[in-house]
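Have a look at the structure below, then the notes.
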Amino acid sequence: MRRLAALAAAAVLIAACSNDASTSPSTSPTTDAATTTAAASTTTVPESTTTTVAPVTYAATIDELLAMPRPIVLAHTGGEDNFPASTLFSYGESVKAGVDMLDLNVQLTKDGVLLVQHDDAVDRNTDSTGKVADLTFDEISKLDGAYWFATDCADCHDKADADYLYRGMRTGDKEPPAGYTPDDFALPSFRQLVEKFPTIPLNIEIKGEGDVAKRAADVLKKELDELGRNEASVVASFQDDIVSYFHQIAPDVEVSPGLNVLTSYVLDHTPVPDGMRILQLPPEYSGLTVITPQLMVDAAKAGYPIWIWPNKRELENLASYRDFLAEGIAGLNINFPAQGVQAVQEYVAATSVQTSASKGCGSAPAAPGTYPGTLSAAGLEGTFDTYLPTAYDGSAPLPLVMALHGYTQTPGLLATQTDLPARGDRYRFITVTPDITRPVARWDTALDSADVQWISALLDEVENTNCIDTNRVYVTGMSNGAMMTSTLACVLADRFAAAAPVAGVRDPKGCAPARPISLLAFHGTEDPYVAYTGGLGPKALALPAPDGNGTIGDLMDSNPTLQDPADAVGVPDRMEAWAQRNGCTDSVTGDDIGDVTPQQWTCPDGVATQLYTVNGGGHSWPGSAFDVAIPDMLGATTTAIDATTLMWQFFQSHPLAG
């Protein structure tokens, strides 16, 4: 069966491969607006739309590139969803965006010229047809390499003429953007590309197989020698024999493993041959997850950096790029270069705060897994589960997310609902789910409660027995756990770096955090338990009373003043109070994401206050597959966003500054 799985994965476990050329990709990202955008659909001349970043100092060698203290960005075929692929224009725009490396495919023309072109034919992207091997370079160089690039599709052949932004620039029928010439919209030779960009490192895939690919390898070797780019290039191929052949004729050039070697490493953990170290992989294929937490750990231990190439168009966006970096990916080989650069810049900013090792670092490490524990503190007895991810080794401090259950909810149910332990495995953080032993599972949310002392003692216990990055300790909670999260943001802001209450944010009276604390909240407008407009919803009244005798409704009937007046305030006003507490000013409401309205306040550097309002949403965790299945109990659960993913990205961006 493993060999059958290997065959199923064979089409994707390759070096430096692109998406399936037969598909018609969108030229705009599926989420998050691109910082580099195509020109508007118009008959006027489109200008260069890429914002030029500060000049990049390129690595002189691949060793220098791999030694960079941050992930790198590669422009896949020049950024094929953003610009006409494999043209000098596309590579020029990618360089302006700030990429670290150009990604390209090479093959021989009929007259033996090494051409930069992804497909083995010119049909998909030019104004002609035919195999590259059947055409001379002179014939190909006259073609319009941007002919089929449209506003919303990189290679669709059924758009209105006005949608083809760059059509005619090659032939002089339309003026190119400033700084470019008609030649920049042709398919270039390898030599032309390198002479145009002589200092930027190159990731080169040799297309084809057999003797044809070996002849291309011979020409590539000769040109790398003549152009002096041996030490700044990586060469790859689908075919292992072509990789081996090139390594034999050019041993001083870095090579990346081919199909069979990568498949054997991913599925059977077979070490890659000496001289190969960069693994170029897709995230997954046909239900087979390629990039797993265990693979990330194994590759890191073996010294194999992973460069990812998304093989699904829906993964070509800023949110996905952020996710890849959070997983520990070392290189993004992507179609929206400026968004990749932005993701790396955000990652660098978030990781610029140094880690702070807890007392548990360096002690005998526990193996990754789930560990139950008990704690007696502040006159209370309780339990907790600690989820150590695959990446945990007891010596490298990892972030911690404490997740607080809702009223009557068990910690295990919260773990299932939120998927936090699994996400911790993927994104390399530790999850702790505590519970204080009571007749009814709940939290006492008073600012001076014994529960606060118990949780503070729990933090001490977890940090003393595990290797925690104390600058990256976060708290979240659902419902009553969200209320407790709000309390902890008030009284333990010196220990929790950021907070994310879901379906229960509060503005506790007397709240005075030791410092501004970043807070992200989620709440549904039709929550039947914790009303968006304030107060308890109708379903909350049927819940058991805290002592297990009767219901909350019974208590409210006997004591109408029992509810805290602060809870009668609606969620927007509670968030406004948190914004003011954090020194923030005006709020900005973003475009709806499906049924979700995002809102954020203008805050001082280093702090953020954000709210996601789920229009028509119930008492649920946004994006939770578990909650989606029980609408009769909770109300509607949105799938337009994923609260766990959003809060982890939020947490990453807001460490404790120290």
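Side-chain atoms are counted along with the backbone in the values below, which use heavy atoms only and exclude waters and symmetry mates. Computed from a prediction, not measured in an experiment: that's the story for all the values here. Counting begins at 1 with the first residue of the sequence.
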Test your reading of the model: is there a side-chain donor-acceptor pair from Ser90 to the backbone of Ala85, 3.5 Å cut-off? no
With side chain to side chain contact (heavy atoms under 4.5 Å, CB included) as the test, would you mind laying out the steps for Gln342 and Leu318 before giving the verdict? CA-CA 8 Å; Gln342 179 184 341; Leu318 180 59; 3.3 Å; yes
Are a donor atom and an acceptor atom from the side chains of Asn335 and His76 found within less than 3.5 Å of each other? yes
Contact check, side chains of Asn317 and Phe336, non-hydrogen atoms, under 4.5 Å: no
Under a 3.5 Å threshold, yes or no: a donor from one side chain and an acceptor from the other, between Asp595 and Thr638? yes
How far apart are the C-alpha atoms of Asp183 and Lys196, what are their side-chain angles, what is the distance that settles it, and do they pass the salt bridge (charged side-chain N to carboxylate O under 4.0 Å, His left out) test? CA-CA 12 Å; Asp183 288 343; Lys196 182 80 171 180; over 6 Å; no
Non-hydrogen atoms of Pro201 and Tyr58 that approach each other most closely: CD-CB, 3.9 Å
Measuring from atom CG of Leu115 to atom OG of Ser86, what distance do you get when rounded to the nearest 0.5 angstrom? 8.0 Å
For Gly168, does its backbone N or O pair with a side-chain atom of Thr171 as donor and acceptor, under 3.5 Å? yes
Would you name the heavy atoms of Ser237 and Ile242 that are closest together and state the gap between them? OG-CB, 3.6 Å
For Glu139 versus Asp134, what's the shortest heavy-atom pair and its separation? OE1-O, 4.4 Å
Smallest heavy-atom separation, Gln117 atom then Lys207 atom, equals O-CG, 4.3 Å
Distance col, row Ser233:OG vs Leu102:CG, nearest 0.5 angstrom, shows 10.0 Å
Are the side chains of Ile72 and Trp307 in contact, using a 4.5 Å heavy-atom criterion? yes
Nearest 0.5 Å please: distance from the CH2 atom of Trp648 over to the CZ atom of Arg428. 9.0 Å
Side chains of Leu108 and Val212 in contact at under 4.5 Å (non-hydrogen atoms): no
Name the one of Val253, Ile249, Leu114, Asp225 that satisfies side-chain contact (heavy atoms from CB on, under 4.5 Å) with Leu220? Leu114
Are more than 12 heavy atoms from other residues, nucleotides or ligands located less than 6.0 Å from atom CG of Asp591? no
Give a yes or no on this: more than 12 heavy atoms of other residues, nucleotides or ligands lie within 6.0 Å of atom CG of Asp252. yes
Do Arg277's NZ or CZ and the ring of Tyr304 fall within the cation-pi criteria of under 6.0 Å and 45°? no
Would you indicate whether the side-chain heavy atoms of Leu104 and Phe190 approach each other to under 4.5 Å? yes
Do Tyr164 and Lys159 touch side chain to side chain, with heavy atoms closer than 4.5 Å? yes
Could you tell me the separation between the OG atom of Ser141 and the CG atom of Leu187, rounded to the nearest 0.5 Å? 9.0 Å
Under 3.5 Å donor-acceptor, Gln107 side chain and Asp119 backbone: yes
Only one of Thr292, Asp323, Leu315, Val290 forms a side-chain contact (heavy atoms from CB on, under 4.5 Å) with Pro283, so which one is it? Leu315
So, do Val73 and Asp100 sit near enough that their side-chain heavy atoms are less than 4.5 Å apart? yes
When rounded to the nearest 0.5 angstrom, what is the spacing between CD in Gln248 and CG in Asp241? 11.5 Å
In sequence, state the C-alpha distance, the side-chain angles, and the governing distance for Leu202 and Val234, and then conclude on side chain to side chain contact (heavy atoms under 4.5 Å, CB included). CA-CA 6 Å; Leu202 305 169; Val234 177; over 6 Å; no
Gln280 and Asn203: side-chain donor and acceptor closer than 3.5 Å? yes
Any idea how Phe83 and Phe89 line up, ring-wise: parallel (<30°), tilted (30 to 60°), or perpendicular (>60°)? perpendicular
Is the shortest distance from a Lys or Arg side-chain nitrogen in Arg167 or Asp127 to a carboxylate oxygen in the other one below 4.0 Å? no
Kindly say whether Gly78 contributes a backbone atom to a donor-acceptor pair with the side chain of Ser94 at under 3.5 angstrom? yes
Polar side-chain atom of Asp81 near backbone of Ala154 as donor-acceptor pair, under 3.5 Å: no
4.5 Å side-chain heavy-atom contact, Glu231 and Glu64: no
Would you check, one step at a time, whether the test side chain to side chain contact (heavy atoms under 4.5 Å, CB included) holds for Asp240 with Leu259? CA-CA 6 Å; Asp240 292 272; Leu259 171 65; 4.3 Å; yes
Might you point out which heavy atoms bring Tyr265 and Thr270 nearest each other, and give the distance in Å? CD1-O, 3.2 Å
Verify the distance criterion only: is there a donor paired with an acceptor across the side chains of Glu93 and Tyr180 at less than 3.5 Å? yes
For the student: nearest non-hydrogen atoms of Gln192 and Pro188, plus distance: OE1-CA, 3.3 Å
Taking atom NZ of Lys110 as the centre, report whether more than 12 heavy atoms of other residues, nucleotides or ligands fall under 6.0 Å from it. no
Residues Thr129 and Asp123: side-chain donor-acceptor under 3.5 angstrom: no
Sidechain-backbone polar pair: Ser653 side chain, Ala350 backbone, donor-acceptor under 3.5 Å: no
Please confirm whether the backbone N or O of Ile200 pairs with a side-chain atom of Arg229, one donor and one acceptor, at under 3.5 Å? yes
One pair to check against salt bridge (charged side-chain N to carboxylate O under 4.0 Å, His left out): Asp138 and Lys142. What are the steps and the verdict? CA-CA 7 Å; Asp138 183 62; Lys142 290 182 173 64; 2.7 Å; yes
Between Met101 and Ile62, is the side chain to side chain contact (heavy atoms under 4.5 Å, CB included) condition met? List the steps. CA-CA 10 Å; Met101 193 176 206; Ile62 298 304; 3.8 Å; yes
Sidechain-backbone polar pair: Ser320 side chain, Glu316 backbone, donor-acceptor under 3.5 Å: no
Run Arg170 and Asp184 through salt bridge (charged side-chain N to carboxylate O under 4.0 Å, His left out) and show every step you take. CA-CA 7 Å; Arg170 174 71 189 105; Asp184 294 320; over 6 Å; no
Flag the pair Ile329 / Pro71 as yes when at least one side-chain heavy-atom distance between them is below 4.5 Å, and no otherwise. no
Under the salt bridge (charged side-chain N to carboxylate O under 4.0 Å, His left out) criterion, do Lys174 and Asp144 qualify, and how do the steps go? CA-CA 12 Å; Lys174 185 185 291 186; Asp144 186 344; over 6 Å; no
Find the distance between OG1 (Thr289) and CD (Gln294) and round it off to the nearest 0.5 Å. 13.5 Å
